Number of protein chains: 2
Amino acid sequence: MDRPVVQVSKAGGERADAARNRAHLLDTARALMAEHGATKVTMDGLAASSGLGKGTVFRRFGSRAGIFRALLEDEETKLQQAVLSGPPPLGPGAAPLERLIAYGAARVDFLFDNYEIARAALDGGQSAPMGAQTPLSRIHIRMLLDLIKPPVSDRGVLATQLTAALDGPALLLLHVDDFADAKNDQVRAKFVQGWSDLVGLVCRHTSTGHG
Amino acid sequence: MDRPVVQVSKAGGERADAARNRAHLLDTARALMAEHGATKVTMDGLAASSGLGKGTVFRRFGSRAGIFRALLEDEETKLQQAVLSGPPPLGPGAAPLERLIAYGAARVDFLFDNYEIARAALDGGQSAPMGAQTPLSRIHIRMLLDLIKPPVSDRGVLATQLTAALDGPALLLLHVDDFADAKNDQVRAKFVQGWSDLVGLVCRHTSTGHG
DNA sequence: ACCGTAAACGGACTTTACCCCGCTAATATT
DNA sequence: AATATTAGCGGGGTAAAGTCCGTTTACGGT
């Protein structure tokens, strides 16, 4: 039993063959991406490579962006597990602010590891382009803020703003070459530290020094 | 003399006919959007409606998203003027924190007023999907943070995170129906207040903090 | 005014996302 | 086990994005 605690996909009432095809398509998509990059993953190409029909691809994922959203949710499951039942400070057991800081670090790593997928996932969306309507990040941050109780008029709004502060840089502000191998680690580290500074200030935690 | 202080487009070395066509295309695009909504603005349609060739449309704007980026930059010029030379607290003259709070309010209004354009603008971008590589928001926030000197290890990172906290909700987290006429004003107000709370906390100097 | 050049124009062409609907096969019912 | 039901499958069709290249036109030099 390793089904995620929060149902991320509509995998629930799916027929057996449909589920099998979904998994196979995701694998094929990952392979195509690894080989040629995200921009070269086309619907026809994916259908052909997987040996399935184009209609099937669209039924499963709705749109091109939907494939990348599914891919992202799939990767996100690992992070989700670590957050919900892994060891502290990311998982339960640590103080809320520690968990918040740890979550930021984990999320930055996640986004940098998967930035190509993440950016491809926000193409074209009519409605909310981000993963789910209330992403994992926002829910978790909200929960921790409810424990920390920072002095703001609306904790839900703060959760949304912090989610954006965490995801926004990688998703819409950074250049592609900020993800280039050379700069990658330094940029990551800067944003991890920055997140720590930011939530430290918001949660009135000033004892940790910085250089 | 109403040329923007910061050159937002490559309007500089453009031939006269090119500049004329650019302006005409933007007007036509605005008209099409007002009539049928952003999703119905097609490159063929825009070319036909403007009486120009499709090649021209692509040469001018590079891609579909490019049209919306140009439209957004055009609108943003007004905000830019108010920030650079308008009356305080948005313009120069007020205390930095006041200006920062006022900027947030103005930016939220701008994004809510132009959210359809703004979302259409972030389609498909290979590189940084947002307007310019270093958007107005980030530059201005960075400048104000340099005056306020909040106790963080990297002010550039904080500027990026606050820019994301300001733009992210409207661009990637809110549902479309949060922009529906009924909820619109309340949601705006919540985010304006939230921004004020957020930067208030970030910029509050503590006794132990450094200058 | 004329001319040469470089930029801009236009629209046919290619590629690709997305739709449709007749066909197939997995599950529910008896 | 046979049948009815319903979801899933497949691939051809449409429309819209993006490319190319021959033609036209602005503009600086003479």
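In what follows, every chain begins at residue 1, and chains take the letters A, B, ... in the order their sequences are listed. Just so we're clear, the structure is a prediction, and the values are computed from it rather than from any experiment.
- Note that OG of S63(B) and CZ of R69(B) are 5.0 Å apart. Values are rounded to the nearest 0.5 Å.
- With salt bridges taken as basic N to acidic carboxylate O contacts below 4.0 Å, one links E76(A) and R107(A).
- Nearest approach of F191(B) to Q161(A), heavy atoms of both residues: O-NE2, 3.7 Å.
- Residue I148(B) holds its CD1 atom at 10.0 Å from CZ of R155(B), rounded to the nearest 0.5 Å.
- Taking the charged nitrogens against the carboxylate oxygens, R188(A) and D113(A) do have a contact shorter than 4.0 Å, which makes a salt bridge.
- Overall bending of the helix from dA1(C)-dT30(D) to dT30(C)-dA1(D), expressed as the angle between end axes built from five pairs apiece, is 30° (10° steps).
- A salt bridge links R30(A) with D27(A): the closest approach of a Lys/Arg side-chain nitrogen to an acidic carboxylate oxygen falls below 4.0 angstrom.
- From S196(A), atom OG reaches atom CD1 of I101(A) across 4.0 Å, with rounding to the nearest 0.5 Å.
- Between K78(B) and E75(B), at least one side-chain nitrogen of the basic residue sits less than 4.0 Å from a carboxylate oxygen of the acidic one, meeting the salt-bridge criterion.
- For the atom pair NE2 of H140(B) and CG of L84(B), the computed distance is 7.5 Å after rounding to the nearest 0.5 Å.
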Classify every nucleotide of nucleotides 16-30 of chain D by which part a protein heavy atom approaches to under 4.0 Å, writing B for the base, S for the sugar-phosphate alone and - for neither, in 5'-to-3' order.
SBBB-----BSS---
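- Look at N21(A) and you won't find any side-chain N or O under 4.0 angstrom from OP1 or OP2 of dG8(D).
- Among L201(B), V157(B), L158(B), the single residue meeting the side chain to side chain contact (heavy atoms under 4.5 Å, CB included) criterion with L198(A) is L158(B).
- Once you apply a 4.0 Å limit to the heavy atoms of chain A, the touched nucleotides of DNA chain C run 5' to 3' over dA17(C) to dT27(C).
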